[in-house]
Number of protein chains: 2
Amino acid sequence: MPMSRGFGPMWWHGRFRGCGYRVTVPREAILDMLSKSDKHLSAEDIYMKVHTRYPAIGLTTIYRTLDILANMGLIFKFDFGDGRARYELVEGPKGKMHHHHLICTSCNRIIDYTDFIDDEVELLKRTEKGLLKKYNFKITNHLIQFYGLCEKCQKKGGD
Amino acid sequence: MPMSRGFGPMWWHGRFRGCGYRVTVPREAILDMLSKSDKHLSAEDIYMKVHTRYPAIGLTTIYRTLDILANMGLIFKFDFGDGRARYELVEGPKGKMHHHHLICTSCNRIIDYTDFIDDEVELLKRTEKGLLKKYNFKITNHLIQFYGLCEKCQKKGGD
DNA sequence: ATTGATAATGAAAATCGTTTTCAATAAGGA
DNA sequence: TCCTTATTGAAAACGATTTTCATTATCAAT
Ligand SMILES: [Mn+2]
Ligand SMILES: [Mn+2]
Ligand SMILES: [Zn+2]
Ligand SMILES: [Zn+2]
């Protein structure tokens, strides 16, 4: 199952058409590229990768497509504070879902983790409940990022 | 104690000189302005406020000063995802310290909270310890932001 | 108080990621 | 196939931030 990841060929065609969007070469190329990467790619990263096979596809279309995909909930859009947005495929209910990030401040490596330790889930539930009571603030989403040093950079002497 | 907040007049003069920085009118004006606000101000917000009293101070200097202040640890620099950085005074060990944010996705109101609910700090520590064990990642800092609807916007019907 | 080295400044230009404009193209229902 | 119109790519525009550079102001040494 090369570029469909077991969901059937072009499983997102239905989603696209259902939203009134047309299925185009650039959109297929971008989605296919994303499905083959597990990295946190910037628009330009994606542009360059796609460009090797489809030199005609412009950066503008990359941005427009990423915007649509993010709004459709097919990709996540993150901001790690380096001035450029980063994108990654959601991959549906089977694959990677909501997750948090460990960001190495030395080498900029980013580690996803979904296998939350029990304490973390507990922390979130209690915190959200407490904040609802204290501020009457209804939480719908959260962003949690831990900054520090990855294994390799600790050995190198931290920088 | 009007513009010194009980730390003695110009308590940061020492910090500045200690870092080899000169004490200048723009720097005093910016720091004084920040000490009188409890908001999350953008560079341009700060520029406009400072500009009413000191029309000669340019936006470039605002950026340069904010950069220094952030590096010195006198102010926090945050990114709430609206494309512009936001700044707020740390206020030393007495006042506001490390805190988390509640961000209303409807009216963009931002609520600080430092009065963590019971166990929140404890749970965070345990989470960090767990992540250290699991990924051997040494956490030095974290960013936690909750998105949702503030009290007012819930009543208005949630956008 | 005066001097002098140089850090700091402001205006303008440059940069950089992203968005908008617009004429040309291509998707897909008829 | 034909036609409507969503989509496209190039170029220009955009907005926040940074850089450049000539001028000014700070402050340690006189
Ligand atoms: Mn991720
Ligand atoms: Mn805050
Ligand atoms: Zn690292
Ligand atoms: Zn609100």
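Per chain, numbering begins at 1; letters A, B, ... match sequence-line order.
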**Item:** B:Arg17 side-chain N/O to D:dT26 phosphate OP1/OP2 under 4.0 Å
**Value:** no
**Asked** Is any side-chain N of the basic residue among B:Lys49 and B:Asp45 closer than 4.0 Å to the acidic one's carboxylate O?
**Response** no
**Request:** Could you give me the CA-CA distance, side-chain angles and deciding distance for A:Asn136 and B:Gln154, then say whether side chain to side chain contact (heavy atoms under 4.5 Å, CB included) is met?
**Result:** CA-CA 9 Å; A:Asn136 197 21; B:Gln154 285 176 58; 4.3 Å; yes
**Asked** Would you say C:dA7 has OP1 or OP2 under 4.0 Å from some side-chain N or O of B:Thr24?
**Response** no
**Asked** What residues in residues 65-80 of chain A put a non-hydrogen atom under 4.0 Å from any atom of DNA chain C?
**Response** none
**From CG (A:Asp67) to CD1 (A:Ile75), nearest 0.5 Å** = 8.5 Å
**Prompt:** Starting at the 5' end of DNA chain D and moving along, which residue's nearest nucleotide shows up first, B:Arg64 or B:Gly83?
**Reply:** B:Gly83
**Message:** In whole Å, I'd like the distance from the CZ atom of B:Phe16 to the P atom of D:dT26.
**Reply:** 14 Å
**Request:** Carefully, step by step, assess B:His99 and B:Glu88 under the rule side chain to side chain donor-acceptor pair (under 3.5 Å).
**Result:** CA-CA 11 Å; B:His99 59 276; B:Glu88 56 178 331; 2.9 Å; yes
**A:Arg22 CZ to C:dT25 P, straight-line distance once rounded to whole Å** = 16 Å
**Complete:** Of the listed C:dT19, D:dT20, C:dA5, the closest approach to the A:Tyr63 side chain comes from C:dT19
**Message:** With a cut-off of less than 4.0 Å, is there a side-chain N or O of B:Thr60 near OP1 or OP2 of D:dT19?
**Reply:** no
**Request:** Please report, rounded to the nearest Å, how far the P atom of D:dT18 is from the CG atom of A:Asp82.
**Result:** 13 Å
**Prompt:** Of all the choices, D:dT4, D:dT8, D:dT18, which nucleotide is nearest to the side chain of A:Pro26 once you look at every atom?
**Reply:** D:dT8
**Prompt:** How close do B:Met72 and B:Cys19 get, heavy atom to heavy atom, and via which atoms?
**Reply:** CE-SG, 4.0 Å
**Item:** Closest heavy-atom pair and its distance - B:Arg86, B:Phe80
**Value:** CD-CD1, 3.7 Å
**Request:** Decide yes or no for B:Leu31 and B:Phe16: does some side-chain heavy atom of the first lie under 4.5 Å from some side-chain heavy atom of the second?
**Result:** yes
**Request:** Rounded to the nearest angstrom, tell me the gap between atom CD in B:Glu28 and atom P in C:dT9.
**Result:** 11 Å
**Request:** Find the distance A:His13:NE2 to C:dA27:P and express it as a whole number of Å.
**Result:** 12 Å
**Message:** Looking only at the side chain of A:Val23 (C-beta and beyond, no hydrogens), which of the listed nucleotides C:dG28, D:dT20, D:dA10 gets closest?
**Reply:** C:dG28
**Complete:** Assign each of A:Pro55 and A:Arg27 the nucleotide of DNA chain D bearing its closest heavy atom; nearer the 5' end lies the nucleotide of A:Arg27
**Request:** Measure the distance from CD1 on A:Ile62 to C1' on C:dT19 and round it to the nearest whole Å.
**Result:** 15 Å
**Item:** Rounded distance (Å) that lies between atom P of C:dT25 and atom OH of A:Tyr54
**Value:** 21 Å
**For atom CG of A:Leu59 and atom P of C:dC16, their distance in whole Å** = 14 Å
